[in-house]
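Just so you know, ligand 1 is whichever comes first in the structure, and atom 1 is the first atom listed for that ligand.
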Amino acid sequence: MTFSPLAPFARLAILSTAFVVLCYSALAASPPWLTANDDKIKAIVEKMTLAEKVGQMTQPDSGSVKDLDDITTLALGSMLSGGSSDPESGNKLSDWADFYTERQKRALKSRLGIPLIYGVDAVHGHNNLLGAVVFPHNIGLGCTRNPQLVEEIARITAREVRASGIQWTFAPSVAVPRDIRWGRAYEGFSEDPAVVALLGPAVVRGLQGTDLSGKESVAACAKHFIGDGGTEFKPGGGEGMLDQGDVRVDEATLRAIHLGAYPDAIKAGVATIMPSYSSWNGVKCSGNKQLLTDILKNELGFEGFLISDYNAIDQLVSPETDESAPESNNAAGQVRSADYKKCIEISINAGMDMVMLTDRYKEFITMLQELVEEGKVPMARIDDAVTRILRVKFAMGMMEADPDLWPNKELQPEFGSEAHRKVARQAVAESVVLLKNDNALLPVRKLPRRVHVAGSGADDLGMQCGGWTIGWQGDRGDLTPGGTTILDALKAVAGNTTEVNFTADGSKCEGADLGIVVVGEGPYAEMKGDRYDLALSPEDTAAVAALKAAGLPVVVVVLSGRPMILGDVADQADAILAAWLPGTEGAGVVDVLTGAAPATGKLSFAWPRSMDQVPLGHQRETIENPLYPLGFGLGYE
Ligand code: BGC
């Protein structure tokens, strides 16, 4: 077995990151361009009524705003489209551009005419829109260890987002997932804080450009502060058994592992940060003043604004699930507190600047004004929040812009273009990790006469893309136009000298010269993706066994949001490729199979043999005696 040169690096990672974070946190501060307009902002804030200030701090999901006049009369500062909150007219680029422009025009009709900053989860491309290029999820990008490539991907994402008008994405996730049973493990670049610190700021640079004011730039949002990837398993298991849980570690450990990318993201000028749903030693981050004000704003010098997670502040005091709450994009839309006013008080006083919410937005606006009038939330705190929000709007050049020009029409022809797909294909190839290659089976430079393809993921674009694609939880099948499944890509390189046959279960493979089985997990996102057992499905395992029984050399490709327990497949396969959630460009996987691209990916997570080795545990640098260690990845001779 060849170990990559990253293995010793990985061993030192936590210690060195702790050191780096300590040094950097002293130096971190938002760049001066973020505060450059503070004089102008002061003059505006002086003119604003309390209602107008609170309006700026309010961000409802567009699905909850039934009367668009509310945007004008309440002088809303922001809106979002959560995971499945699409325009009613449809889900194409033109639908989004019109939808966005209509809302923006309403904002400009308010007394002060301050535009909305509109947010979406463009977390691997402009992934909610039909026809957008879908890039690999972060877990795959972590295996590239390539900040230039990651920056370029973020730049392309920003261009596709601005083509629709939108100026803000809730990305990057800079979580440091420590338990791969978590359904958001794939949103993190790595279990290693050093890899997250390498790539997270690259996304910020790519999305925001050099100073945010460009017409191709999009405000970034580092999320979820802090420790979202370090929650403990909740006894009893079930849906959401790790998601939004509690991180039970001391402060030194919290900083050493989970502060990761934040200092450098702040230095890169990240415009916004999203506090986490999760708790640290029993206290919810969304209401923790030490974390939000003392550490982020005072110690690290963050000058942008904090946006709460989706209805997260409802969880601060006696949260309950209300099934009768209006449907929203996300299960958190149904979490309600009976003492909402107290939730608002705790959160705003802790340092939250803008609140993401659903149908409670009018209640929020009324209650926050009352809290100020009752002296429970200081006006200075409100002014600070509004100043921070306006800083971002000024830095983006939004205060002078004409809303008709905001969907950047010059960028529309390149939306989902071949040029963008080419970069995605390269990213896929660089993220693939070659785990096993007996008898140098790969690369298959010339496909043999007959290739048999099998497995649940071989011809499933939705499975390649995973969650946060078109819908919140993603979907199976051809969910978006454009893109190539692994089977399509194999057929494209086969030409007429090779016959490529496909049966999902591996039947009728007899007589083929090579077997390729694409196994893995179906799509999922937050909460629903928490799983206790990461074994491959019996169907996928049986497909590998069927090809093996027929005497074929077998290549197994794993499509998954985390390492999976391979069981017998680890022995049966002659070659194994981890392809993660590559997105729409399946051809990048085939490039590595055929040697059109080299095998360079290195694991961003250790790969366990069995569930006994999960979770990693905070104190351990990585699991002992894994099937493949962190940093592992074979190459071609
Ligand atoms: C997620 C965030 C996301 C937000 C908006 C939440 O449920 O935790 O990551 O940005 O929804 O869709």
Query raised in the report: Taking the six-membered ring for Trp, are the ring centroids of Y186 and F605 within less than 6.0 Å of each other?
Result: no

Within 4.0 Å of some non-hydrogen atom of G82, the atoms of ligand 1 are 12 (O)

Quiz prompt | Ion pair R181/D533, N-O distance below 4.0 Å | solution = no

The atoms of ligand 1 lying under 4.0 Å from a heavy atom of R184, numbered in the order shown, are 1 (C), 2 (C), 8 (O), 9 (O)

> Is there a donor-acceptor pair closer than 3.5 Å between any side-chain N or O of N349 and the backbone N or O of V377?
Replying inline: no

Point to revise | Donor-acceptor contact below 3.5 Å, side chain R381 vs main chain M352 | key: yes

Short version for Y277: what comes under 4.0 Å of ligand 1, heavy atoms counted, is side chain

Determine whether a donor-acceptor pair (N or O, by modelled atom type, separation under 3.5 Å) exists between the side chain of T584 and the backbone of V134. yes

>> Closer than 3.5 angstrom, by distance alone: can the side chain of H137 be matched with the main-chain N or O of G467 as a donor-acceptor pair?
In response: yes

Taking only non-hydrogen atoms of D309 and a 4.0 Å limit, the atoms of ligand 1 in range are 1 (C), 2 (C), 3 (C), 4 (C), 6 (C), 7 (O), 8 (O), 11 (O)

### Task
Output yes when a side-chain donor or acceptor of E303 lies under 3.5 Å from a complementary backbone atom of I266, and no otherwise.
no

One finds that the ligand 1 atoms under 4.0 Å from a non-hydrogen atom of K223 are 2 (C), 3 (C), 9 (O), 10 (O)

Near H224 (heavy-atom distance under 4.0 Å), the atoms of ligand 1 are 2 (C), 8 (O), 9 (O)

Numbered in order shown, the ligand 1 atoms found under 4.0 Å of a heavy atom of F170 are 10 (O)

Give yes or no for whether the N/O distance cutoff of 3.5 Å, strictly under, is met between N330 and ligand 1.
yes

Ranked by distance from atom 5 (C) of ligand 1, the top protein heavy atom is D121 OD2, 3.2 Å

Exercise. Show your reasoning for whether side-chain contact (heavy atoms from CB on, under 4.5 Å) applies to D121 and K223.
Key: CA-CA 11 Å; D121 292 287; K223 69 184 188 186; 3.3 Å; yes

Does at least one non-hydrogen atom of E187 fall below 4.0 angstrom from an atom of ligand 1?
no

Under 4.0 Å from one or more heavy atoms of Y310, ligand 1 contributes atoms 6 (C), 7 (O), 11 (O)

